[in-house]
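First the proteins, then the strands, lettered A, B, ... as listed; each starts at 1. Worth knowing before you read on, the calculation uses all heavy atoms, side chains too, and leaves out hydrogens, waters and symmetry mates.
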Amino acid sequence: MEQENYAQRVYDVVKKIPSGKVMTYGQIALYLGNPKYARRVARAMSHAPAALRLPCHRVVNAGGGTAPGWPEQRTLLAGEGVAFKENGCVDIRKYIVKMEDLPPNMNE
DNA sequence: AAATTGACGGTTA
DNA sequence: GTAACCGCCAATT
């Protein structure tokens, strides 16, 4: 199970997401060099150990929809200052942040 | 080895 | 602007 190396990259990026901002799985996947690895990132998050303190609550899908089975994610984001639409989706248009805006990765 | 599922994305209708 | 379909990759059964 060495593939977790990829998940590690995801964790590293997610860890750098600033408060009050959000990122999409596709954006992270693209950053890792694979535009269609969105699902892989999602799966990695589901397996993401809480010990890593990953702010996975700042990670949402392309539609700004929060993770199913994890309703408190919205509460966490709300605590970060992120606004939500009536449909329960995050205003990614306003809170999305690019990895270019994140601190430099000194892993590669 | 094959089939099914899943914290998804993008395109077409 | 919303709804539905297909496509992608990996892990699990």
Participant: Determine, step by step, whether A:Val14 and A:Arg58 satisfy the side chain to side chain contact (heavy atoms under 4.5 Å, CB included) criterion, reporting the C-alpha distance in whole Å, the side-chain angles of both residues, the deciding distance to 0.1 Å, and the verdict.
Facilitator: CA-CA 8 Å; A:Val14 173; A:Arg58 291 181 193 151; 5.9 Å; no
Participant: Find the distance A:Glu72:CD to B:dA7:P and express it as a whole number of Å.
Facilitator: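 For the pair A:Glu72 CD and B:dA7 P, the rounded distance is 16 Å.
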Participant: So what does A:Ala67 hit on the nucleic acid, given a heavy-atom distance under 4.0 Å: a base, only sugar-phosphate, or nothing?
Facilitator: base
Participant: A:Asn61 side chain: which of B:dC8, B:dA7, B:dT5 is closest?
Facilitator: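 My answer, after comparing the listed nucleotides, is B:dC8.
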Participant: Specify the separation, in whole Å, of atom NE2 of A:His47 and atom C1' of C:dC9.
Facilitator: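 One finds 14 Å between C1' of C:dC9 and NE2 of A:His47, rounded.
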Participant: Atom CG of A:Leu32 to atom C1' of C:dA10: distance rounded to whole Å?
Facilitator: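 In whole Å, C:dA10 C1' lies 15 Å from A:Leu32 CG.
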Participant: Just how far, in rounded Å, is P of C:dT12 from CZ of A:Arg40?
Facilitator: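 For the pair A:Arg40 CZ and C:dT12 P, the rounded distance is 12 Å.
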Participant: To the nearest angstrom, how far is A:Leu54 atom CG from B:dA7 atom C1'?
Facilitator: 13 Å
Participant: Identify the two heavy atoms, one from A:Leu102 and one from A:Met23, that lie closest to each other, and give their separation to 0.1 Å.
Facilitator: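 Looking at all heavy atoms of both residues, the shortest contact is CD1-SD, 3.7 Å.
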Participant: How are the rings of A:His57 and A:Trp70 set to each other: parallel, tilted or perpendicular (split at 30° and 60°)?
Facilitator: perpendicular
Participant: Atom NZ of residue position A:Lys15 - does it have more than 12 heavy atoms of other residues, nucleotides or ligands inside 6.0 Å?
Facilitator: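 Yes.
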Participant: For A:Pro71 and A:Gly69, which heavy atoms make the closest approach, and how far apart are they?
Facilitator: CD-C, 3.5 Å
Participant: Treating A:Gln73 as the side-chain partner and A:Val59 as the backbone partner, does any N or O pair qualify as donor plus acceptor under 3.5 Å?
Facilitator: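 Yes; judged by distance alone, with no hydrogens or angles, the pair exists.
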Participant: Output one line per pair: protein atom, nucleotide atom from nucleotides 6-8 of chain C, and distance, for all N/O pairs under 3.5 Å.
Facilitator:
{"from": "C:dC8", "atom 1": "O2", "to": "A:Arg39", "atom 2": "NH1", "distance (Å)": "3.3"}
{"from": "C:dC8", "atom 1": "N3", "to": "A:Arg39", "atom 2": "NH1", "distance (Å)": "2.4"}
{"from": "C:dC8", "atom 1": "N4", "to": "A:Arg39", "atom 2": "NH1", "distance (Å)": "3.4"}

Participant: Measure CG/A:Asn87 against P/C:dA3 and give the value in whole Å, please.
Facilitator: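 Taking CG of A:Asn87 and P of C:dA3, I get 11 Å after rounding.
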Participant: Taking atom P of C:dC9 as reference, at what distance in whole Å does atom CG of A:Asn5 sit?
Facilitator: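 In whole Å, C:dC9 P lies 18 Å from A:Asn5 CG.
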Participant: Output the rounded distance in Å from OH (A:Tyr31) to P (B:dC8).
Facilitator: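 Distance check: A:Tyr31 OH to B:dC8 P gives 22 Å.
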Participant: Centres of the A:Tyr37 and A:Tyr6 rings: under 6.0 Å?
Facilitator: yes
Participant: Starting at the 5' end of DNA chain B, which residue's closest nucleotide do you reach first, A:Arg43 or A:Pro35?
Facilitator: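 It is A:Arg43 whose nearest nucleotide is closer to the 5' end.
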